[in-house]
Structure formats: C-alpha cells, structure tokens
Amino acid sequence: LHLIRALIDATENAERHARAHRCTIARNAAATETLVSDKAAAEERTRTELARRVEAEAQVQAEREMSAYLFHEFRADLQGIGSAVLRWSAGETVSPSLAAAARASILHCKELAANVMDVAKFNSGELVLAQEDVDVRALCEEVHQTMSIAYPTGDGGDEGDAGRPAAVVRRVVCPAGLYVKGSPRHLRQILRNLFSNACKFTERGSIVIEASPVAESPSTVDVRFSVCDTGCGIVAEDQQKVFRKFQQVSTERGGGSGG
C-alpha cells in the first residue's frame with residue numbers, strides 16, 4: 001500500500017509539474033507573440049513615418065520645380081510685355097506686331113496665374129479638371145493665330161518681329177466638326193508650348209499643328225495631337241535631354257533655361 005501511495009503521489013507530482021511547465025511554455029509563447037507583434041507594429045510605424053517623410057519631401061521638391069517653371073514662363077512673357085511698355089513710356093511708337101505679342105504674353109500670364117490656383121487646389125484635394133466640349137479645330141487655329149503673333153514670320157523689318165524668314169509656312173491640319181471632352185485651357189497650354197518651341201527653332205520650311213482621330217466608337221473618339229516642324233532637330237545623343245527638367249539643347253538660335 002505504501003508503494004502504491006508513493007506511485008500515486010509521484011504521478012500526481014509529475015502531472016502538476018507538467019501542467020506548470022505547459023503554463024510556463026504558454027506564458028513564454030504569449031510573451032514572444034507580444035514581442036513579435038510589438039516589433040511588427042514598430043516596424044509598421046517606422047515604414048509609415050518614412051513614407052510620410054518621402055511624400056513630404058516629394059511635395060517640397062514639386063513645389064520648388066513649380067516655382068522654377070513659373071519663373072521661367074513669367075520671365076519670357078514679361079520680356080515681351082516690358083519691351084512694349086518701355087517703348088510706350090518713352091514716347092516711341094509701338095508697332096502693331098509688338099503690341100499683339102505683348103497682348104499674347106498678357107493672356108499667357110493669366111493662364112499661368114490660373115495654373116498657380118490649380119496647384120493650390122491640388123494640394124488641398126479640391127482640383128477638378130474641367131470637362132467641356134472642345135472644338136478641336138477652333139482651338140488649334142486659336143493657338144496658331146496667337147503664337148504666330150508672338151513669333152512673326154516677317155523679314156525682320158518690323159520692330160516687333162522675331163526675325164523669322166517668310167519661308168516658314170505655318171498651318172493647321174484638322175477636320176471640321178471634331179470635338180472632345182476635356183479642359184480647353186490645359187490642352188491650349190500644351191499646344192502653345194509645343195508650337196512656341198517649333199517657332200524658335202525652325203528657320204525655313206513649315207510648322208504644322210495636326211489633330212486627327214485615331215480610334216472611334218459610337219460614343220467616344222481618341223484624338224492624336226502633334227506639332228511637326230522642319231527645324232534643326234535634335235541629334236541622337238541629345239534627345240534624352242528634352243525629358244530632363246530645365247535642360248535645353250544648345251543651338252545658335254537657342255537660349256533660355258529649358259522648360
């Protein structure tokens with residue numbers, strides 16, 4: 001009987017020790033899981049904070065680039081406006097072409113001011129691009145007319161001329177009755193930038209603004225816009241420069257800081 005009792009006691013003690021060991025293992029596992037969870041949470045907080053810093057730095061960089069872009073654009077327009085104002089204030093006659101170029105520059109400044117408002121709206125999450133019916137041919141002809149005033153093709157005899165030879169032929173190729181939905185102001189700005197670059201670097205030949213449908217369905221139409229010129233072109237080793245901010249390929253007629 002004593003032996004049996006001793007065996008029972010030993011078995012019960014072993015079970016108690018086993019239960020205590022299992023409890024210890026469970027507590028250790030829970031503690032380990034908590035540590036792992038805390039570590040994962042800390043790592044997630046670190047990643048979130050790093051993402052916020054990267055986003056903030058990107059926003060600051062974008063604002064710097066926008067400021068540089070606006071300075072570059074305003075500087076070009078103010079030169080044209082200033083030339084007309086200085087001549088007028090000095091009592092000199094302002095030629096019609098110079099007055100027209102100054103007017104085009106003023107209108108462009110108004111568009112740039114609207115762009116500044118767009119940036120403010122974008123940063124506050126309130127930017128909504130206009131979705132209007134755009135007469136594509138009328139818009140292209142408007143760009144052609146205003147930019148031809150800013151960059152005349154005369155022989156340089158008029159004080160407002162940019163000195164471009166009359167050999168440069170400019171035209172619009174676009175079917176009538178072509179409409180798209182979008183923001184006319186932003187589309188106009190893109191075409192103006194392309195057309196002005198073509199005017200600066202084309203000595204002879206032609207500059208063509210073209211818009212043509214490339215895909216159509218009963219309810220939609222895809223339109224390709226292009227500005228083609230017979231200017232000096234860009235050599236292969238310099239072509240990647242046009243995709244870098246404020247880079248410009250050197251030419252005899254060039255100048256400025258790029259865009």
Side-chain angles (χ1 to χ4, degrees), residues 69 72-73 76-77 97 100-101 103-105 107-112 114-115 118 122 127-154 162 164-236 238-245 247-249 251 253-254 256 258-259:
Y69 159 75
H72 171 73
E73 294 293 318
D77 286 320
S97 58
R103 180 179 182 275
S105 294
L107 293 176
H108 190 215
C109 285
K110 290 178 65 178
E111 290 189 357
L112 291 174
N115 289 342
D118 283 348
F122 177 80
L127 177 62
V128 178
L129 294 179
Q131 293 296 313
E132 304 175 12
D133 290 328
V134 181
D135 185 335
V136 175
R137 182 170 180 173
L139 181 68
C140 290
E141 289 178 344
E142 176 192 344
V143 171
H144 172 268
Q145 182 180 9
T146 57
M147 297 309 295
S148 293
I149 292 173
Y151 297 95
T153 57
R164 299 295 182 267
V168 178
V169 178
R170 301 168 180 171
R171 58 194 176 96
V172 173
V173 177
C174 177
L178 181 59
Y179 288 82
V180 295
K181 279 280 189 182
S183 171
R185 177 164 63 85
H186 292 92
L187 180 55
R188 184 185 301 111
Q189 183 178 3
I190 293 171
L191 293 176
R192 279 174 57 102
N193 289 340
L194 294 174
F195 194 83
S196 65
N197 280 334
C199 291
K200 292 174 185 176
F201 301 106
T202 302
E203 297 287 345
R204 61 184 60 85
S206 63
I207 301 173
V208 181
I209 302 178
E210 183 174 2
S212 58
V214 293
E216 296 185 61
S217 72
S219 58
T220 64
V221 58
D222 293 339
V223 178
R224 175 185 289 120
F225 292 87
S226 64
V227 176
C228 303
D229 64 73
T230 56
C232 57
I234 303 175
V235 295
D238 287 337
Q239 289 178 3
Q240 289 301 316
K241 291 183 179 180
V242 299
F243 299 105
R244 301 172 188 166
K245 299 178 180 62
Q247 292 287 322
Q248 187 178 58
V249 178
T251 66
R253 296 198 63 89

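Keep in mind that what you see is a predicted model, and the values were worked out from it rather than measured.
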From [atom1] ([X]) to [atom2] ([Y]), nearest 0.5 Å:
X	Y	atom1	atom2	value
Leu139	Leu187	CG	CG	5.0 Å
Phe195	Thr202	CZ	OG1	9.0 Å
Ile209	Arg171	CD1	CZ	11.5 Å

Name all residues meeting the salt bridge (charged side-chain N to carboxylate O under 4.0 Å, His left out) criterion together with [X]; count only those two or more places apart in sequence or in a different chain, and write none if there are none.
X	value
Lys181	Asp133
Asp118	Arg185
Glu141	Arg137
Arg188	Glu111, Glu142

Sequence-distant partners of [X], side chain to side chain donor-acceptor pair (under 3.5 Å), two or more places apart:
X	answer
Asp222	none
Glu132	none
Ser226	none

Open item on the list: Pair Phe225, Ile190 - check side chain to side chain contact (heavy atoms under 4.5 Å, CB included), show working.
Closed with: CA-CA 10 Å; Phe225 292 87; Ile190 293 171; over 6 Å; no
Please list, one pair per line, the donor and acceptor atoms closer than 3.5 Å that link side chains of residues 227-236 to other protein atoms, with sequence neighbours excluded.
residue: Asp229; atom: OD1; partner: Gly231; partner atom: N; Å: 2.7
residue: Thr230; atom: OG1; partner: Arg204; partner atom: O; Å: 2.7
residue: Thr230; atom: OG1; partner: Ser206; partner atom: N; Å: 3.0

State, to 0.1 Å, how close [X] and [Y] come at their nearest heavy-atom pair, and which atoms those are.
X	Y	result
Asp135	Tyr179	OD2-OH, 3.5 Å
Val136	Ala211	CG1-CB, 3.5 Å
Asn193	Ser196	O-OG, 2.9 Å
Gly182	Val134	O-CG2, 4.0 Å

Open item on the list: Under the rule for side chain to side chain contact (heavy atoms under 4.5 Å, CB included), what residues qualify as partners of Ser217, not counting sequence neighbours?
Closed with: Ser219, Thr220
Task: Any residue meeting side chain to side chain contact (heavy atoms under 4.5 Å, CB included) with Cys109, in chain and number order, not counting sequence neighbours - done: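 Partners of Cys109 under the side chain to side chain contact (heavy atoms under 4.5 Å, CB included) test: Phe74, Asp77, Ile81.
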Task: Pairwise side-chain contact, Pro213 with Arg224, heavy-atom cut-off 4.5 Å (strictly under) - done: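 Counting from C-beta outward, Pro213 and Arg224 never come under 4.5 Å.
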TODO: Output every pair passing salt bridge (charged side-chain N to carboxylate O under 4.0 Å, His left out) with a member in residues 205-214, not counting sequence neighbours, ordered by first then second residue.
DONE: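 For residues 205-214: none.
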Task: Working for side chain to side chain contact (heavy atoms under 4.5 Å, CB included), residues Val223 and Val214 - done: CA-CA 6 Å; Val223 178; Val214 293; over 6 Å; no
